[in-house]
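Each remark here refers to the structure printed beneath this line.
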Amino acid sequence: MSVESVLKVKASDHTIANYVEFLQDAFLFASAQRWEVKGKQYLDYPLKYYCEDPGLRNARLDFRDVEPSHMLENVIFNELLLRGCQVDVGVVPIGDKRHEIDFVVNRAPGKLYIQVAYELPNEAKREQEMLPLRKCDDFFRKMIVVGGYTPLHYTSEGIIEVGAIPFLLDASILDKALAD
């Protein structure tokens with residue numbers, strides 16, 4: 001199968017896969033596999049890609065389309081890799097839909113599920129972020145990283161909530177969550 005670019009250039013799936021691999025080899029992009037949390041298996045879904053340097057992405061787009069939630073997710077992904085974690089994207093089937101957990105983090109001695117939300121302005125958004133974490137039905141730690149300086153605290157359901165600034169500045173937050 002071939003696809004057509006915006007400039008009407010045709011390229012095969014194989015060519016595009018090669019381009020993506022070259023971009024990863026050049027350390028411009030990193031990928032995460034999709035992991036089905038309940039089935040405990042990797043899915044054949046397309047990989048999810050993150051920019052190794054979001055600043056290059058922004059410069060290429062002339063600083064248009066800078067979406068804070070996606071940028072924060074990208075920064076947290078890169079930080080998790082820097083801290084020696086294996087990072088996958090979680091998939092949780094709920095009814096006839098599949099919901100995403102931003103990150104399934106594996107690093108000895110444990111596993112941790114992380115949702116990233118730039119802000120949780122209302123109960124509907126909070127519920128949207130919490131739903132896949134609640135439906136995991138296992139004993140692994142769960143965390144929500146929100147934009148800003150929110151100090152670490154636990155929700156009534158035992159989910160860790162922490163601001164991005166403390167999370168990025170204090171590696172012990174991740175270490176403790178993985179060790180519990």
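Just so it is clear, the model here is predicted, and its values are computed rather than measured.
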Inset, instruction - Apply the test side-chain contact (heavy atoms from CB on, under 4.5 Å) to residues Val89 and Leu47: give CA-CA distance (whole Å), side-chain angles for both, the deciding distance (0.1 Å), then the verdict. - result: CA-CA 9 Å; Val89 174; Leu47 301 176; over 6 Å; no
Legend entry - Value rounded to 0.5 Å, distance of CE in Met143 from CZ in Phe167: 5.5 Å
Legend entry - Closest non-hydrogen atom pair between Asn78 and Cys51, with its separation: ND2-O, 3.1 Å
Legend entry - Check: Gln128 and His99 side chains under 4.5 Å, non-hydrogen atoms: no
Legend entry - Cluster check Val75, Val105: I/L/V/M/F/W/Y, side chain < 4.5 angstrom: yes
Inset, instruction - Could you tell me which residues satisfy side-chain contact (heavy atoms from CB on, under 4.5 Å) with Glu79, sequence neighbours excluded, listed by chain and number? - result: Leu82, Arg83, Leu168
Legend entry - Shared-cluster residues of Leu169, by chain and number - hydrophobic side chains joined below 4.5 Å: Tyr149, Ile165
Legend entry - Qualifying residues under salt bridge (Lys or Arg N to Asp or Glu O under 4.0 Å), relative to Asp138, sequence neighbours excluded: Lys142
Inset, instruction - Of all the heavy-atom pairs spanning Ala179 and Pro109, show the shortest one and how long it is. - result: CA-CG, 3.8 Å
Inset, instruction - Report the distance from atom CD of Glu119 to atom OG1 of Thr150, rounding to the nearest 0.5 Å. - result: 11.0 Å
Inset, instruction - Scan residues 19-28 for pairs that pass side chain to side chain donor-acceptor pair (under 3.5 Å), counting only residues two or more places apart or in two chains. - result: Gln24-Ser31
Inset, instruction - Take atom CG of Asn122 as the centre, draw a 6.0 Å sphere, and report whether it contains more than 12 heavy atoms from other residues, nucleotides or ligands. - result: yes
Legend entry - Pair Asp137 + Lys38: basic N to acidic O under 4.0 Å: yes
Inset, instruction - Return yes if a side-chain donor-acceptor contact under 3.5 Å exists between His70 and Asn74, otherwise no. - result: no
Legend entry - Candidate pair Glu73 and Lys48, rule side-chain contact (heavy atoms from CB on, under 4.5 Å), full reasoning: CA-CA 12 Å; Glu73 184 178 327; Lys48 190 165 181 180; 3.0 Å; yes
Inset, instruction - Quick one: list whatever passes salt bridge (Lys or Arg N to Asp or Glu O under 4.0 Å) with Lys125, sequence neighbours left out. - result: Glu129
Inset, instruction - To the nearest 0.5 angstrom, please state how far the CG atom of Asp88 sits from the CG atom of Asn106. - result: 6.5 Å
Legend entry - side-chain contact (heavy atoms from CB on, under 4.5 Å) partners for Leu152, two or more places apart: Tyr154, Ile160, Val162, Ile173
Legend entry - Any residue meeting side-chain contact (heavy atoms from CB on, under 4.5 Å) with Ser172, in chain and number order, not counting sequence neighbours: Asp170, Lys176
Inset, instruction - Provide the closest heavy-atom pair for Pro132 versus Gln115 in the form atom of the first, atom of the second, distance. - result: CG-NE2, 3.9 Å
Inset, instruction - For Tyr50, enumerate each residue passing the ring-ring contact (aromatic ring centres under 6.0 Å, His included) test, keeping only those at least two apart in sequence or located in another chain. - result: Phe77, Phe103
Legend entry - Pair Leu178-Lys111, side-chain contact (heavy atoms from CB on, under 4.5 Å): steps then yes or no: CA-CA 6 Å; Leu178 284 165; Lys111 180 185 281 194; 5.6 Å; no
Legend entry - With Glu161 via salt bridge (Lys or Arg N to Asp or Glu O under 4.0 Å) - residues at least two apart: Arg126
Legend entry - Non-hydrogen side-chain atoms of Arg34 and Val91 separated by less than 4.5 Å: yes
Legend entry - Side-chain donor/acceptor of Asp102 to backbone N/O of Ile76, under 3.5 Å: no
Legend entry - Partners passing salt bridge (Lys or Arg N to Asp or Glu O under 4.0 Å) against Asp175 (at least two apart in sequence or in another chain): Arg107
Inset, instruction - Give me the other members of the hydrophobic cluster that Ile159 sits in, counting Ile, Leu, Val, Met, Phe, Trp and Tyr linked by side-chain heavy atoms under 4.5 Å, directly or via other members. - result: Trp35, Val37, Tyr42, Val92, Ile94, Ile101, Val104, Tyr113, Leu120, Met130, Leu131, Leu133, Phe139, Phe140, Ile144, Val146
Legend entry - Where Arg141 and Gly158 come nearest, the two heavy atoms and their spacing: NH1-O, 3.6 Å
Inset, instruction - Would you mind listing every salt bridge (charged side-chain N to carboxylate O under 4.0 Å, His left out) that reaches into residues 150-159, with sequence neighbours excluded? - result: Arg134-Glu157
Inset, instruction - Indicate the atoms forming the closest heavy-atom contact of Ala164 with Val145, along with that distance. - result: CA-CG1, 3.7 Å
